[in-house]
There are 2 protein chains.
Amino acid sequence: MKVKLAYIANNSVRKATFKRRKKGLLKKTEELRILCGVDACGIIFHPYDPEPEVFPSHIEAQRIISQLRNKSELEQHRRMVSQKDFITQRVTSVNGQIVKQQKEVRHKEMTRIMFQCLNGEGFLHLNMVDLKDLNSLVGQYIIDIDRRIDFLEKNH
Amino acid sequence: MKVKLAYIANNSVRKATFKRRKKGLLKKTEELRILCGVDACGIIFHPYDPEPEVFPSHIEAQRIISQLRNKSELEQHRRMVSQKDFITQRVTSVNGQIVKQQKEVRHKEMTRIMFQCLNGEGFLHLNMVDLKDLNSLVGQYIIDIDRRIDFLEKNH
DNA sequence: ATCTCTATTGTTAGGTT
DNA sequence: AAACCTAACAATAGAGA
């Protein structure tokens with residue numbers, strides 16, 4: 001650009017430029033509306049000028065603004081819903097992980113108790129559920145050990 | 001204009017034109033803002049497009065829109081006040097005319113009554129105020145007649 | 001469809017009246 | 001200040017990649 005893009009200090013030059021360019025902008029806006037069949041509007045105003053320029057018309061601008069409001073409300077709603085979905089998903093996922101870890105912890109605990117028993121340290125403070133789990137665990141160990149014995153017998 | 005100003009039916013051409021011209025409009029708006037130090041914003045949207053174009057920025061556009069709201073409220077208020085002033089003035093004026101006409105009517109009525117009296121038809125149904133006015137009127141007539149007599153005597 | 005290129009058309013700065 | 005002019009400049013249509 002030849003004329004550098006900066007505030008025009010000279011009052012009358014600035015005013016003339018404003019008038020010309022405002023007209024140009026208005027024209028371009030109208031052309032875009034017609035050529036592309038879109039809703040477009042513009043608002044221009046000098047903070048200390050009595051009459052803001054609203055185009056293509058005040059009524060049309062208001063229509064477009066309220067459309068924008070509705071649309072952005074919808075968008076916001078959509079965003080919130082998708083965020084809720086995301087969080088729900090995370091909660092479900094984390095809950096799954098917790099359950100899995102609880103199972104692991106219990107399994108380790110049972111294993112510890114089993115070996116404690118094998119060392120003849122007895123099992124104190126165990127309720128019925130614990131005993132059942134322990135029984136099941138011991139059963140699985142025995143099955144495993146049987147399998148290993150079979151394997152050794154077949155290979156020797 | 002070489003390309004006639006009408007809705008572009010071809011989809012891809014319209015889209016391309018839209019993109020190019022939207023960019024142009026945005027640039028022009030920004031230039032106007034900077035060159036002339038004015039508040040200006042624009043909103044463009046395809047009714048069926050998810051993202052409205054709001055420039056120079058969403059936040060700035062909102063600021064300008066609310067400024068516009070305030071300003072037009074003020075304007076409306078100003079208009080209402082000036083209309084009230086106008087009506088008040090009209091009412092005052094009309095009231096003045098009514099008073100003037102009432103005086104004229106009263107004067108004519110008194111004159112009629114006076115001549116009625118001169119015809120010896122007597123004055124009936126007159127209250128004290130009417131009588132006072134009538135007296136004053138007669139007094140003025142007499143003064144007027146005296147003046148005319150003086151005038152005639154001097155000139156003959 | 002999107003990007004780049006460029007001839008053409010449109011816009012605007014600055015000067016004149 | 002406003003309206004008009006026009007050289008200079010910028011935007012864009014349309015074509016080609």
Side-chain angles (χ1 to χ4, degrees), chain A residues 1-58 60-61 64-65 67-68 71 74-75 78, chain B residues 1-61 64-65 67-68 71-72 74-75 78-79 82:
Chain A
M1 198 184 184
K2 193 184 178 181
V3 189
K4 71 178 173 187
L5 193 59
Y7 179 74
I8 299 167
N10 183 302
N11 266 2
S12 56
V13 171
R14 191 177 62 253
K15 196 174 174 187
T17 295
F18 175 70
K19 198 179 168 188
R20 265 185 275 121
R21 281 178 171 258
K22 188 181 74 175
K23 193 177 143 211
L25 201 60
L26 177 55
K27 191 182 169 195
K28 291 272 181 207
T29 302
E30 193 54 21
E31 285 177 1
L32 186 67
R33 291 172 55 82
I34 294 171
L35 290 169
C36 304
V38 297
D39 285 340
C41 69
I43 301 169
I44 303 174
F45 68 103
H46 292 232
Y48 305 109
D49 204 53
E51 21 199 334
E53 188 75 26
V54 181
F55 50 91
S57 71
H58 215 280
E60 177 66 0
I64 292 172
I65 290 165
Q67 246 181 311
L68 177 68
K71 195 150 259 188
L74 269 177
E75 273 302 297
R78 211 184 52 71
Chain B
M1 201 187 182
K2 193 185 180 181
V3 191
K4 72 177 173 189
L5 193 59
Y7 180 72
I8 299 168
N10 182 304
N11 266 1
S12 55
V13 171
R14 190 177 61 253
K15 197 174 173 187
T17 295
F18 176 69
K19 199 178 166 188
R20 262 185 279 121
R21 281 177 171 259
K22 187 180 75 173
K23 191 177 142 211
L25 200 60
L26 176 57
K27 190 181 170 194
K28 292 273 183 206
T29 302
E30 193 53 22
E31 285 177 0
L32 186 66
R33 291 172 55 82
I34 294 171
L35 290 169
C36 304
V38 297
D39 285 340
C41 68
I43 302 169
I44 304 173
F45 70 101
H46 292 233
Y48 306 108
D49 203 53
E51 21 198 334
E53 188 75 26
V54 181
F55 50 90
S57 72
H58 214 281
I59 199 92
E60 177 67 0
I64 292 172
I65 289 164
Q67 245 180 312
L68 177 68
K71 195 150 258 187
S72 69
L74 269 177
E75 272 302 296
R78 212 184 51 73
R79 269 197 296 278
S82 86

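Proteins get letters first, then strands, A, B, ... in listed order; numbering begins at 1 in each. Note that the structure is predicted; figures quoted are calculated from it, not measured.
For R21(A), the side-chain atoms get nearest to dA13(C) when compared with the rest of dA13(C), dA1(C), dT11(C). Nearest to the side-chain atoms of K27(A) among the listed nucleotides dA11(D), dA13(C), dT11(C) stands dT11(C).
Atoms CG (N10(A)) and C1' (dG15(C)) sit 14 Å apart, rounded to a whole Å. If you take CG of L32(B) and P of dA11(D), they are 14 Å apart, rounded to a whole angstrom. For the pair K22(B) NZ and dT2(C) P, the interatomic distance rounds to 12 Å; values are reported in whole Å. Straight-line distance from the CZ atom of F18(A) to the C1' atom of dA1(D): 16 Å, rounded to whole Å. Regarding R14(A), its CZ atom lies at a distance of 15 Å from the P atom of dG14(C), rounded to whole Å. E30(B) has its CD atom 14 Å from the P atom of dA11(D), to the nearest Å. In this structure, the CG atom of L25(B) is 12 Å from the P atom of dA11(D), given to the nearest Å. Rounded to an integer number of Å, the gap from CD1 of I8(B) to P of dG14(D) is 8 Å.
Here K28(A) reaches the OP1 or OP2 of dT12(D): one of its side-chain N or O atoms lies under 4.0 Å away. Between T17(B) and dT12(D) there is no side-chain polar atom (N or O) within less than 4.0 angstrom of OP1 or OP2. Neither OP1 nor OP2 of dA1(D) sits under 4.0 Å from any side-chain N or O of S12(A).
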Evaluation steps, salt bridge (charged side-chain N to carboxylate O under 4.0 Å, His left out), between E30(A) and K27(A): CA-CA 5 Å; E30(A) 193 54 21; K27(A) 191 182 169 195; over 6 Å; no
Worked verdict on K23(A) versus R20(A) for side-chain contact (heavy atoms from CB on, under 4.5 Å): CA-CA 5 Å; K23(A) 193 177 143 211; R20(A) 265 185 275 121; 5.9 Å; no
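Between R21(B) and L25(B), every side-chain heavy-atom pair lies at or beyond the 4.5 Å cut-off. E60(B) places none of its side-chain heavy atoms less than 4.5 Å from the side chain of V54(B). Side-chain contact check for F18(A) versus I44(A): some heavy-atom pair is nearer than 4.5 Å.
At a cut-off of 3.5 angstrom, the base of dA13(C) holds at least one donor-acceptor pair with the side chain of R20(A).
Among the protein residues, K23(B) comes within range of no part of the nucleic acid, since none of its heavy atoms lies under 4.0 Å from any strand.
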